[in-house]
*Asks:* 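Starting off with a structure, shown below.
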Amino acid sequence: MGCIESLPYEIILRGSSFRECRDYIYEHYPEHRDVPPGFKIFDTHIIGVPPIAIGFDGDYVIFPFTKPCHGTFLLRIQNREEAARLRALPVKPSR
Amino acid sequence: MPDVNDVDEPTESRGRTAILVLGCPQVPVQTSIALYLIHRLKKAGITPVVAGNRSAVTLLVVADPARQYLGEALDLDRAIDQITGKKRDFDLCFVFIHNDAGISYAATMGAISKAALYTVIYGEHYDSIAASIDFPCGKIAAKAVHNPMPLKKMLDEVAPWGA
């Protein structure tokens, strides 16, 4: 997953669970989307238990990033194009 | 130090195939049970492929220098990329789990692969991990950290290589 690790990212949650990341996004980011496992963000397949939540804050994308030995990190990366691409995903009517 | 990339040769098989998705190798039983499962799968005529991070795969490479058991091994991210890209898939999938990240990988394999999914759950908190898995999969779980025998026993009882 070299792509994400080479980008300037901010860690919001460290060593958390997939559920904590999902709940954090639902709670803190009114604008969010749900994506399936394996969906690509920043050219990286996202690992997780569905639904995987991604949040938006202006040009920032907030999403979970899982590594086998370190658990799940909630990352925040600024990228206008990727935020726009992900915002174009359909919003689920209910959760 | 062996290079994981040295063993990264695609498996040519017309028979049934299985992928073993290894987790963080910090719990000792993982390498032992993985080698045992590879042995049972091969004995049943199923071609096993191992996917894991560099440390997890290197532990297997060093433990099996003559390659009596280990066949194809590849980087976990690369395996996920191939399956997601529909370049390959497997008949059986075993995901080794002892932490929350393992659950995430298992759910991902269940979503992207058509393989029959088995979770191999171990470690101190095997019971709470097993209870938290609510997606469809076979569960092979035992409290095993240093001693692989409880997990081997569960594996033998389920005998997924005969399914």
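A note on names: the letters A, B, ... follow the listed sequences, proteins ahead of strands, and every chain is numbered from 1.
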*Asks:* Test of understanding: clusters of I, L, V, M, F, W, Y form through side-chain heavy atoms closer than 4.5 Å, transitively. Do A:I46 and A:L74 belong to the same one?
*Replies:*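 No: no chain of side-chain contacts under 4.5 Å links A:I46 to A:L74.
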*Asks:* Do the side chains of B:M154 and B:L35 join up, straight or via other hydrophobic residues, at under 4.5 Å, putting them in one cluster?
*Replies:*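 Yes, B:M154 and B:L35 fall within the same hydrophobic cluster.
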*Asks:* According to a 4.5 Å side-chain heavy-atom criterion applied to Ile, Leu, Val, Met, Phe, Trp and Tyr, with indirect links allowed, do A:I52 and A:Y29 form part of one hydrophobic cluster?
*Replies:*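 In one cluster with A:I52: A:Y29, no.
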*Asks:* Using side chain to side chain contact (heavy atoms under 4.5 Å, CB included), reason through B:I80 and A:I47 one step at a time and then give a plain yes or no.
*Replies:* CA-CA 9 Å; B:I80 288 171; A:I47 304 302; 3.5 Å; yes
*Asks:* Would you say A:K67 and B:L76 make side-chain contact, with heavy atoms under 4.5 Å?
*Replies:*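 No, too far: nothing below the 4.5 Å cut-off.
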*Asks:* Minimum heavy-atom separation for A:C69 and B:N53, please, with both atom names.
*Replies:*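 Heavy atoms of A:C69 and B:N53 come nearest at SG-ND2, 3.6 Å.
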*Asks:* Quick one: what part of B:I112 sits under 4.5 Å from any heavy atom of chain A, side chain, backbone, both or neither?
*Replies:*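 Answer is side chain: those atoms of B:I112 sit under 4.5 Å from chain A.
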*Asks:* May I ask you to check whether A:H45 and B:D77 show a side-chain donor-acceptor distance below 3.5 Å?
*Replies:*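 Side chains of A:H45 and B:D77: no pair found under 3.5 Å.
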*Asks:* Are A:V61 and A:I11 linked, directly or through other ILVMFWY residues, by side chains that come within less than 4.5 angstrom of each other?
*Replies:*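 Same cluster.
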*Asks:* Which atoms of A:S17 come close to chain B, meaning under 4.5 Å heavy atom to heavy atom: side chain ones, backbone ones, both, or neither?
*Replies:*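 Looking at A:S17, backbone and side chain both touch chain B.
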*Asks:* Pick one of side chain, backbone, both or neither for B:I133, based on which atoms fall under 4.5 Å of a heavy atom in chain A.
*Replies:*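 Looking at B:I133, nothing touches chain A.
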*Asks:* Testing the basics here: between B:A111 and A:P37, what is the closest heavy-atom pair and its distance to 0.1 Å?
*Replies:*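 Heavy atoms only, the tightest pair is CB-CG, 3.7 Å.
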*Asks:* Please name the pair of heavy atoms, one in A:V49 and one in B:S104, separated by the smallest distance, quoted to 0.1 Å.
*Replies:*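 Between these two residues, the closest heavy atoms are CG2-CA, 4.1 Å.
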*Asks:* Hey, does the side chain of B:D100 reach the backbone of A:F18 with a donor-acceptor pair shorter than 3.5 angstrom?
*Replies:*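 Confirmed, B:D100 side chain pairs with A:F18 backbone.
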*Asks:* Would you find more than 12 non-hydrogen atoms of other residues, nucleotides or ligands less than 6.0 Å from A:R87 atom CZ?
*Replies:*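 Result for CZ/A:R87: enclosed.
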*Asks:* Say you draw a straight line from CG of B:N99 to OG1 of A:T66; how long is it, rounded to the nearest 0.5 Å?
*Replies:*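 If we round to the nearest 0.5 Å, B:N99:CG and A:T66:OG1 are 10.0 Å apart.
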*Asks:* Do you reckon A:L7 sits in the same ILVMFWY cluster as A:L86, going by side-chain contacts under 4.5 Å, direct or chained?
*Replies:*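 Same cluster: A:L7 reaches A:L86 through Ile, Leu, Val, Met, Phe, Trp or Tyr contacts under 4.5 Å.
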*Asks:* Contact part of B:D81 toward chain A, heavy-atom cut-off under 4.5 Å: side chain, backbone, both or neither?
*Replies:*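 Its backbone and side chain both get close to chain A.
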*Asks:* Any idea which heavy atoms bring B:A101 and A:G71 closest together, and the distance?
*Replies:*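 Closest approach of B:A101 to A:G71, heavy atoms only: CB-CA, 4.0 Å.
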